[in-house]
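Atoms considered below: every heavy atom in the structure, side chains included; atoms not considered: hydrogens, waters and symmetry mates.
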Amino acid sequence: MTGLVGQRERTGLGGRTGPPAWAVLLVVCAGQFLVVLDVSVVNVALPSMRTALGLGQTGQQWVVNAYALTFAGFMLLGGRAADLFGRKRIFLTGLALFTAASLAGGLARDPWMLITARAVQGLGSAVLAPTTLSILTTSFPEGAERTRAIGTWTAVGAGGGAAGGLVGGLLTDYLSWRWVLLVNVPVGALVLAGAFLWITESRGAAGRRLDVPGAVLVTGGVAALAYGIAESESHGWTSVDSALPLAAGAALLAAFVTVEARTAQPLMPLRLFRIRSVSAGNAVLLAGGAAMFSTWYFLSLYMQNVLHYSPVRTGVAFLPHTAAIVVGSKLAPRLMSLVDARLVSAAGGAMAAGGLAWQSHLGVHSGYLATIALPGALTMLGAGLLMTPVAAAATSGVAMGEQGLVSGLLNTSRQLGGALGLTILATAAVDRTRSRASGGDSAAQALTSGYGLAFALGAVFLAAAAVLVALLPAPAPKPASAPAR
């Protein structure tokens, strides 16, 4: 059998000869890189955005969360749309929307314009991201070949998140914060051209409709919960400002579950959670996402607000993180061929938790190597080992017509964990910072204490993810080798 990126060609719909595997993988991974890059690329630019547009502390958080929440809330809809209307068509639609919103965000003149553009970017990403994984899972046969493809997809996506700091720093320092968004326009146009040429159209079940009410309910519920948690920073958990949105969010999510249980064509068929690999995989990604997305956010703020790194120096400081997560994601498939995939994933989760626990001991005058590079590399290496086996396990044994839905569900759990995790950790960090500042600590000491608490809580989330890996089903036994003749 030729390699994953060899010149082997595929048979498309109607018996047509499809594009080579490397071309499909290239386009899909480029799309995934873009959407994950935009989760973290703005982190380094936040101080510059704050100065240019007058963003407050809550406004900075919502530049990140507006993207993450719409990304998470509409991803199930995007995954189902890919199954119903064609994966290529939905990929192109999502990428076009993402690119147009990037242009609008880069030209924003007021905070509300930037936050709105980020929300629309998240919507485009929600349509695009699950489609990238479903294209892979329907283009590569289940087994070692698909696992290698998912490993590459995971590495590129994770590398996009880690590389966001470097890209954002370079663009902010040498051009402007606006270019962290405007750079998506030419790159998006190139990926659109490649997708049009190389991706073959495919779809799942026909004659179904989209569950738009379900998408609205789940998105509204998640957004209300995040808003209520954020408001607790200023008003406390028992105030009307916090309790009302929290109650509304819980009610909307309960209504979502009720609608999904009764509708004939649900956005999220609850029966999928009876598949052990799907339910366990989503639980792991939810817990892991709560920690990983917050890591880049708080580390960027720590380096610039406490250590006074420039945007470029901050971005360069993330290089060990980028290299480590790519190595972990590419190493995982090799290890999975030797030992139980659950062991690989659990060891990765424990390693990542240890890295964040180490990082939580940062100080006002800490050195780069011991405080940022080494613990960060350990965290990201573990994250790469954690995520790849989970994604491979959760998509195995799922019907072809539901690959987009399951892919959307997995991405939703990761992004939802990231959005809610950021809100929870930011609330805890701000509360600790205020408490230490009122107790007489300097601004730098108070900020450092808050960031350290956020990393410690992130370590708890990753430890939980490592434990939840045990719920994944055991991998299918390998077929016995044919006897030698």
Side-chain angles (χ1 to χ4, degrees), residues 4 25 28-29 32-33 35-37 39-40 129 132-133 136 144 146-166 281 284-296 299 317-359 372-395 410-411 413-415 417-418 421 455 458-459 461-469 472:
L4 180 62
L25 191 61
V28 166
C29 287
Q32 178 69 0
F33 181 85
V35 300
V36 177
L37 179 76
V39 174
S40 62
T132 64
L133 184 55
L136 281 189
R146 181 186 293 181
T147 299
R148 287 194 298 270
I150 290 176
T152 301
W153 176 85
T154 303
V156 170
L166 176 59
V284 173
L285 292 179
L286 185 71
M292 298 312 304
F293 280 57
S294 303
T295 298
W296 301 311
L299 202 51
F318 277 112
L319 285 177
H321 302 65
T322 305
I325 201 165
V326 171
V327 169
S329 300
K330 295 299 291 180
L331 181 62
R334 296 177 182 271
L335 295 177
M336 290 164 62
S337 67
L338 301 174
V339 298
D340 190 326
R342 295 174 298 179
L343 181 60
V344 175
S345 193
M351 189 182 299
L356 277 191
W358 181 1
Q359 200 139 52
I372 298 171
L374 293 179
L378 181 64
T379 300
M380 293 301 169
L381 178 64
L385 294 173
L386 169 69
M387 298 299 186
T388 300
V390 173
T395 55
L410 291 173
N411 277 288
S413 294
R414 185 165 55 182
Q415 295 295 331
F455 289 129
F461 281 125
L462 280 170
V467 172
L468 289 169
V469 166
L472 288 168

Listed pairs under 3.5 Å, donor-acceptor, residues 375-383 side chains, sequence neighbours left out:
unit_1 : atom_1 : unit_2 : atom_2 : d
Thr379 : OG1    : Leu356 : N      : 3.2
Thr379 : OG1    : Pro375 : O      : 2.9

Original post:
Can you name the side-chain contact (heavy atoms from CB on, under 4.5 Å) partners of Ala287, sequence neighbours left out?
Top reply: Ala465, Leu468
Original post:
Roughly how far, to the nearest 0.5 Å, is the OG atom of Ser345 from the CG atom of Leu335?
Top reply: 11.5 Å
**OP:** Please list, chain by chain and in numerical order, all residues satisfying side-chain contact (heavy atoms from CB on, under 4.5 Å) with Ala373, sequence neighbours excluded.
**Re:** Pro320, Tyr368, Leu369
**OP:** Just jot down the side-chain contact (heavy atoms from CB on, under 4.5 Å) partners of Ala353, sequence neighbours excluded, or say none.
**Re:** Leu462, Ala463
Subject >> Minimum-distance pair of heavy atoms, taken over all atoms of Ala466 and Ala346 >> reply: CB-O, 3.7 Å
**OP:** Check side-chain contact (heavy atoms from CB on, under 4.5 Å) between Leu299 and all other residues, then give those that pass, not counting sequence neighbours.
**Re:** Tyr302, Met303, Phe318, His321, Gln359, Ile372, Phe455
Original post:
Looking only at heavy atoms, what is the nearest atom pair of Val339 and Val344, with distance?
Top reply: CG2-CG2, 3.6 Å
